[in-house]
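Data block below; observations after.
Predicted, not measured: the structure shown is a model, and the values here were computed from it.
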Amino acid sequence: QVQLVESGGGLVQAGGSLRLSCAASGRTFSSRAMGWFRQAPGKEREIVAAINWSGGKTYYTDSVKGRFTISRDNTKNTVYLQMNSLKPEDTAVYYCAASLSFHSESVYFRGDEYAYWGQGTQLTVSS
């Protein structure tokens, strides 16, 4: 079992930066891939970034490449999403998720590949 709690969301002006954190409890966190998803009002949930269990492999959706960075600290059971050059279209509720599989080198893109989800944190980017 993995429990996830996101923090760090808020209101920021376009062009600004923010870092989201996802604190995990549970002994298997460090062996699971992690993902950040977001859901804007009226839109489907989408993958933003993902990282494998060791941190050696990452994935970014095209719209955030070069602006967002996912990282993890397995000693702290925490995954981060550093967001720079924020745009109004980044406004959404951001969720972290832990993968179904563990001890895999893969990153995962689909929601059904994740077993555990946080409650979400709101990011609002004003223009």
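- Both Leu123 and Phe68 belong to a single network of hydrophobic side chains, linked directly or stepwise wherever heavy atoms of I, L, V, M, F, W or Y lie under 4.5 Å apart.
- Atoms OG1 and CD1, on Thr58 and Ile70 in that order, are 7.5 Å from each other to the nearest 0.5 Å.
- Under the 3.5 Å distance criterion, the side-chain polar atoms of Thr78 are matched with a main-chain donor or acceptor of Lys76.
- Hydrophobic clustering of Ile, Leu, Val, Met, Phe, Trp and Tyr side chains at less than 4.5 Å, counting indirect connections, unites Met83 with Tyr60.
- In terms of heavy atoms, Ala40 sits closest to Ala92 at N-CB, 3.8 Å.
- Contacts classified as ring-ring contact (aromatic ring centres under 6.0 Å, His included) and involving residues 11-53 (residues at least two apart or in different chains) are given here: Phe37-Tyr114, Phe37-Trp117.
- In this structure, the separation between NZ on Lys43 and OG1 on Thr91 is 10.0 Å, given to the nearest 0.5 Å.
- For the 3.5 Å distance criterion, the side chains of Ser17 and Asn84 qualify, holding a donor opposite an acceptor.
- A 4.5 Å side-chain heavy-atom check between Val48 and Leu81 finds at least one atom pair inside the cut-off.
- One finds no salt bridge joining Lys57 and Glu105 here, because no Lys/Arg side-chain nitrogen approaches an Asp/Glu carboxylate oxygen to under 4.0 Å.
- The CG atom of Asp90 sits 11.0 Å away from atom OG1 of Thr124, with the distance rounded to the nearest 0.5 Å.
- For Gln13 and Ser126, the side-chain atoms include no donor-acceptor pair closer than 3.5 Å.
- Between Asn74 and Arg72 there is a side-chain heavy-atom pair separated by less than 4.5 Å.
- The SG atom of Cys22 lies 4.5 Å from the CE atom of Met34; values are rounded to the nearest 0.5 Å.
- At a threshold of 4.5 Å between side-chain heavy atoms, the hydrophobic network of Ile, Leu, Val, Met, Phe, Trp and Tyr places Val79 and Tyr59 in two separate groups.
- Judged by distance alone, with hydrogens and angles left aside, the side-chain atoms of Ser99 form a donor-acceptor pair with the main-chain N or O of Ala33 at under 3.5 Å.
- Side-chain contact between Tyr95 and Leu20 is absent, with no heavy-atom pair separated by less than 4.5 Å.
- In this structure, Leu100 and Ala115 approach most closely via the heavy-atom pair CD2-CB, 3.6 Å.
- Taking CG of Leu18 as the reference point, atom OG1 of Thr121 lies at 8.5 Å (rounded to 0.5 Å).
- Of all heavy-atom pairs between Ser71 and Ile51, the closest is CA-CD1, 3.7 Å.
- Summarising the geometry of Asn77 relative to Ser25, their closest heavy-atom pair is ND2-CA, 4.5 Å, with the distance given to 0.1 Å.
- Within the 3.5 Å criterion, the main-chain N or O of Gln119 finds a donor-acceptor partner in the side chain of Glu6.
- Residues Asn52 and Ser104 come closest through the heavy atom pair CB-O, 4.4 Å.
- For Arg67 (side chain) and Ser85 (main-chain N/O), a donor-acceptor pair under 3.5 Å exists by modelled atom type.
- To the nearest 0.5 Å, the span separating OH on Tyr116 from CG on Leu4 amounts to 9.5 Å.
- Taken together through direct or relayed side-chain contacts under 4.5 Å among Ile, Leu, Val, Met, Phe, Trp and Tyr, Val5 and Val93 form parts of separate hydrophobic clusters.
- Tyr80 and Val64 sit in two unconnected hydrophobic clusters of ILVMFWY residues. Membership requires side-chain heavy atoms under 4.5 Å apart, directly or through other members.
- Residues Arg38 and Tyr94 have side chains that bring a donor and an acceptor to within less than 3.5 angstrom of each other.
- Salt-bridge formation is detected for the pair Asp62/Lys65: a Lys NZ or Arg NE/NH1/NH2 atom is positioned less than 4.0 Å from an Asp or Glu carboxylate oxygen.
- Take Ser7 and apply the side-chain contact (heavy atoms from CB on, under 4.5 Å) test, not counting sequence neighbours, and it matches Ser21.
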